[in-house]
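Structure first, then comments.
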There are 4 protein chains.
Amino acid sequence: MHPFTHHSPNERSILEPAARIFALRGYAGTSMDEIARAAGVNKATIYYRIGNKARVYERVLVGYFCHIAEVLEQRLHAVPIPRDRARILVETLAAIFAEHGDMPPLLLHELASGGEHLSPDVLAGIARVLQTSLTTLSALPMVQQGGVSPLLAHLMIIGSLFFTSLSGSVAMRLAANIPQGTEKDVSLELMKDLLLELFVDRDVPSRKED
Amino acid sequence: MHPFTHHSPNERSILEPAARIFALRGYAGTSMDEIARAAGVNKATIYYRIGNKARVYERVLVGYFCHIAEVLEQRLHAVPIPRDRARILVETLAAIFAEHGDMPPLLLHELASGGEHLSPDVLAGIARVLQTSLTTLSALPMVQQGGVSPLLAHLMIIGSLFFTSLSGSVAMRLAANIPQGTEKDVSLELMKDLLLELFVDRDVPSRKED
Amino acid sequence: MHPFTHHSPNERSILEPAARIFALRGYAGTSMDEIARAAGVNKATIYYRIGNKARVYERVLVGYFCHIAEVLEQRLHAVPIPRDRARILVETLAAIFAEHGDMPPLLLHELASGGEHLSPDVLAGIARVLQTSLTTLSALPMVQQGGVSPLLAHLMIIGSLFFTSLSGSVAMRLAANIPQGTEKDVSLELMKDLLLELFVDRDVPSRKED
Amino acid sequence: MHPFTHHSPNERSILEPAARIFALRGYAGTSMDEIARAAGVNKATIYYRIGNKARVYERVLVGYFCHIAEVLEQRLHAVPIPRDRARILVETLAAIFAEHGDMPPLLLHELASGGEHLSPDVLAGIARVLQTSLTTLSALPMVQQGGVSPLLAHLMIIGSLFFTSLSGSVAMRLAANIPQGTEKDVSLELMKDLLLELFVDRDVPSRKED
DNA sequence: CATGAATGAGATTTCATTCAT
DNA sequence: CATGAATGAAATCTCATTCAT
């Protein structure tokens with residue numbers, strides 16, 4: 001399944017390369033020329049088909065968030081056991097970010113901008129994902145009895161996965177600078193396992209003292 | 001202590017507003033006009049004092065990373081006990097991000113861009129912080145005996161703190177969209193406590209089964 | 001025939017006024033604004049059609065040198081007698097400079113700059129003209145038996161014609177300063193006749209003594 | 001003797017490097033920064049000592065033309081025989097251009113610009129040189145009986161020497177493009193000899209027929 | 001006497017957008 | 001339905017010049 005499944009092929013052929021470039025350079029750093037070149041269409045065609053730089057960006061974001069929401073909702077549908085649901089949540093997010101490496105940087109750019117370009121549609125998509133995540137996490141023992149805020153847990157999960165996904169490119173640049181050979185195989189897979197261990201598989205935490 | 005302590009007052013008066021704007025809009029989204037206006041100087045003065053846009057950006061990044069590295073190193077200096085050191089690490093990072101709210105978005109923009117604009121000086125600053133963090137985390141029981149990768153722990157800590165710091169602005173935009181009243185007081189303070197609980201205060205994790 | 005015959009009308013409408021201004025003010029002294037104004041198009045249109053200032057300049061130079069080369073080659077084609085060929089060479093150059101008064105100053109600016117801006121295409125054009133001139137002059141009796149270097153002859157012919165063409169504007173400024181009434185009708189026509197007399201019509205020179 | 005002998009050492013230390021740069025890049029292509037750097041003084045010092053970009057340029061031109069005029073007048077002083085005088089004229093000009101390679105390009109830039117920047121002082125210098133040259137050439141047999149215009153002869157001499165002096169830099173760029181090995185040792189020396197032969201040593205020309 | 005600092009004006013170039021076809 | 005052509009606005013950067021010290 002792809003993020004832009006709901007759009008016409010005409011739009012998809014523009015939105016997919018656009019997403020790649022927006023992810024790499026952010027909204028301001030992306031030019032319509034570059035999108036047109038990557039999409040293999042005339043620049044005016046983008047205006048004809050979609051309308052606007054802001055609209056292209058919005059469609060990409062909406063597509064991404066709706067995709068995440070849909071996949072999450074589909075996989076969580078009819079799964080009753082809290083720990084199973086949480087496991088699916090984390091695994092699904094990790095899998096989506098692994099498959100669509102553009103999502104983390106794109107969303108991070110937006111987040112870092114304070115959500116300047118977020119249209120109501122995009123906010124709705126974000127809310128949908130957030131809602132699913134929060135309700136799923138709220139049912140966890142760790143939250144129910146452990147006193148962990150579900151929003152904090154959500155932020156940790158998303159933040160950890162995003163950073164892991166992004167660490168690759170910068171890590172390589174750092175490689176020459178870091179003396180000792182730290183592990184290079186930092187991957188979403190490993191982070192996913194750590195998150196599962198910390199939030200899902202583990203029993204309600206027992207503090208060091210007490 | 002301030003991030004641009006090592007620079008001349010002349011440079012500081014430019015770098016500080018520049019950092020604010022870069023954080024908000026990213027490198028590409030920031031114009032020299034805006035920086036000049038915010039700094040209260042003529043645009044050409046920026047070129048005279050610093051050189052060009054890329055150099056302004058670089059100085060800001062170097063200033064930020066060196067500040068983090070210095071504060072960390074100073075506070076960790078002569079603290080021998082691993083758990084104390086880790087606690088200081090997390091608390092210091094949380095405090096710095098709380099005081100300098102511009103850092104997380106600025107660094108996130110850069111990270112999301114794949115570190116395209118990272119000069120050797122900036123990379124050196126990053127490496128310095130990373131090194132401190134990794135060696136500190138490596139001494140934790142959870143890492144030593146719990147099998148948790150220090151790099152994963154580092155990414156979780158940074159990622160969680162960054163996301164928490166950023167969540168404020170977007171959360172407000174979401175407020176209207178999210179029906180139920182989720183906690184609004186998500187703060188670095190709370191996230192810091194959760195991180196301490198998960199990584200520092202807790203004993204070596206005991207899996208659910210076995 | 002015109003220098004920019006090979007270009008599209010769109011390009012010609014830019015290159016022709018550009019040539020005029022480059023000739024008057026040189027490369028550095030010419031602004032894109034001025035070219036745009038003279039061409040009656042928006043400044044961005046020049047970038048759309050041609051690319052950048054250096055390319056505009058290059059096209060002008062290439063157009064000029066190719067024009068000279070083509071006219072020379074066409075008029076010399078199938079003329080076997082050396083003296084006839086040389087006469088045609090001088091007359092053609094004089095005629096071209098007379099018709100296109102912009103050429104000498106433009107080329108002089110470039111020459112004075114040491115050919116800094118000369119692209120391979122322009123150099124090829126220059127070489128083509130030079131080749132034609134040198135082979136033509138080499139066949140002259142004065143060169144064959146008189147021991148005059150064909151390159152020196154070429155330089156004298158070009159230099160004399162260029163200076164004559166340029167003398168007009170400065171001469172007028174000098175007019176007030178020069179007391180006696182020197183001839184005002186210094187023209188390419190007269191210089192051409194003198195060159196023909198010195199290099200073409202005359203027999204192999206007999207030195208004063210011997 | 002040097003072109004800027006009449007100026008104070010303070011001015012000379014600026015005018016000499018300025019002349020070099022003006023010669024290379026022309027008036028518009030030369031920046032005050034570059035002059036200051038080459039002169040090893042602060043940019044404001046140029047304004048303090050001389051006053052103005054236009055004034056710097058003017059002083060350089062005046063210096064050059066006065067130098068030529070002075071040397072010519074000094075060497076021609078009390079030389080009565082026309083042929084001797086003409087020989088001295090040509091030899092002196094060739095020697096000056098050979099010694100001060102910057103003169104031809106600088107004067108050519110100015111000439112190509114139509115004398116836009118020529119102040120009255122500079123025009124007076126030019127007139128002085130021109131006067132000397134014309135009166136000297138007017139006495140030649142070739143002019144007196146040969147019907148050659150002294151102004152044409154002047155233009156040929158100056159034009160030929162200038163072009164010869166400039167040909168070096170462009171010739172090297174052409175070297176790769178010109179197939180056959182044309183002589184490389186085109187020098188002012190050779191051109192001077194040719195000019196002497198054509199205008200001075202030779203008897204009044206006898207046309208080919210008649 | 002000299003200069004570091006500053007700047008208004010203007011240079012080249014890019015870019016989102018429009019429009020006639 | 002699509003696009004080549006065009007452009008106003010704004011971006012980065014340069015430069016001749018001034019001025020306080």
Side-chain angles (χ1 to χ4, degrees), chain A residues 8 10 13-14 27-37 39-57, chain B residues 8-11 13-14 25 27-36 39-57, chain C residues 8-11 13-14 25 27-36 39-57, chain D residues 8 10 13-14 27-37 39-57:
Chain A
S8 74
N10 267 354
S13 74
I14 289 172
Y27 180 77
T30 297
S31 77
M32 296 295 271
D33 272 291
E34 212 175 351
I35 296 176
R37 213 178 308 125
V41 301
N42 189 280
K43 194 169 36 165
T45 304
I46 303 178
Y47 287 87
Y48 179 72
R49 289 193 188 155
I50 299 184
N52 208 321
K53 186 180 176 183
R55 279 177 74 88
V56 175
Y57 189 65
Chain B
S8 75
N10 266 353
E11 285 198 12
S13 74
I14 289 172
R25 309 221 200 295
Y27 181 78
T30 298
S31 79
M32 297 296 270
D33 271 292
E34 210 174 353
I35 296 176
V41 300
N42 187 282
K43 200 172 29 167
T45 303
I46 304 179
Y47 287 90
Y48 176 71
R49 289 202 190 146
I50 300 187
N52 56 30
K53 188 179 172 182
R55 276 178 74 90
V56 175
Y57 190 64
Chain C
S8 75
N10 268 353
E11 285 199 10
S13 75
I14 289 171
R25 309 222 199 291
Y27 181 78
T30 298
S31 80
M32 295 298 270
D33 271 293
E34 209 174 354
I35 296 177
V41 300
N42 187 282
K43 200 171 29 167
T45 303
I46 303 178
Y47 287 88
Y48 176 72
R49 291 201 188 146
I50 300 187
N52 57 29
K53 188 178 172 182
R55 276 177 73 89
V56 175
Y57 190 64
Chain D
S8 75
N10 266 354
S13 74
I14 289 172
Y27 180 78
T30 297
S31 78
M32 296 295 272
D33 272 291
E34 210 175 354
I35 295 176
R37 212 177 310 128
V41 302
N42 188 281
K43 194 168 41 164
T45 305
I46 302 177
Y47 287 88
Y48 180 72
R49 290 192 188 156
I50 299 184
N52 206 321
K53 185 179 176 184
R55 278 177 73 89
V56 176
Y57 189 66

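Proteins come first, then strands; the chains are lettered A, B, ... in the order of their sequence lines, and each starts at number 1.
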Between [atom2] on [N] and [atom1] on [X], what's the gap in Å once rounded to a whole number?
| X | N | atom1 | atom2 | answer |
| --- | --- | --- | --- | --- |
| B/E11 | E/dA6 | CD | P | 11 Å |
| D/I46 | F/dC15 | CD1 | C1' | 13 Å |
| D/Y57 | F/dA16 | OH | C1' | 17 Å |
| D/E34 | F/dA16 | CD | C1' | 14 Å |
| C/N10 | F/dA5 | CG | P | 7 Å |
| C/N42 | E/dT12 | CG | C1' | 14 Å |
| C/I35 | E/dA11 | CD1 | C1' | 12 Å |
| D/I14 | E/dC1 | CD1 | P | 13 Å |

Next on the checklist: Between B/R55 and B/N52, is there a side-chain heavy-atom distance shorter than 4.5 Å?
Outcome noted: yes

Checklist entry - For the side chain of C/V41, counting heavy atoms from C-beta on, which of F/dT7, E/dG4, E/dT7 is nearest? => result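 Nearest nucleotide to the side chain: F/dT7.
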
Next on the checklist: With a 4.0 Å limit, can you tell me whether A/R49 has a side-chain N or O closer than that to the phosphate oxygens OP1/OP2 of F/dC1?
Outcome noted: no

Checklist entry - So does B/Y48 get a side-chain nitrogen or oxygen closer than 4.0 Å to the phosphate oxygens (OP1/OP2) of E/dA5? => result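 True: B/Y48 side-chain N/O within range (under 4.0 Å) of E/dA5 OP1/OP2.
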
Could you list the donor-acceptor pairs under 3.5 angstrom formed by side chains in residues 40-48 of chain D, with sequence neighbours left out?
| residue | atom | partner | partner atom | Å |
| --- | --- | --- | --- | --- |
| D/N42 | OD1 | D/A44 | N | 2.8 |
| D/K43 | NZ | D/D33 | OD2 | 3.2 |
| D/T45 | OG1 | D/N42 | O | 3.3 |

Next on the checklist: Going by the rule side-chain hydrogen bond (donor to acceptor under 3.5 Å, both in side chains), which residues pair with C/K53 if we only count those two or more places apart in sequence or in a different chain?
Outcome noted: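 With neighbours one apart ignored, the set is empty.
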
Checklist entry - Who pairs with A/R49 by salt bridge (charged side-chain N to carboxylate O under 4.0 Å, His left out), at least two apart in sequence or on another chain? => result none

Checklist outcome for this item: Whether each nucleotide of nucleotides 14-21 of chain E has a protein heavy atom under 4.0 Å at its base (B), only at its sugar-phosphate (S) or at neither (-) is summarised, 5' to 3', as BBBBBB--

Checklist entry - Minimum heavy-atom separation for A/A39 to A/S13, with atom names? => result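 Nearest pair, atom of A/A39 first, then A/S13: CB-O, 3.4 Å.
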
Checklist entry - According to a 3.5 Å limit on both distances, what stems of 3 or more consecutive Watson-Crick or G-U pairs are formed with DNA chain F? => result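 Detected stem regions: E:2-21 with F:2-21.
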
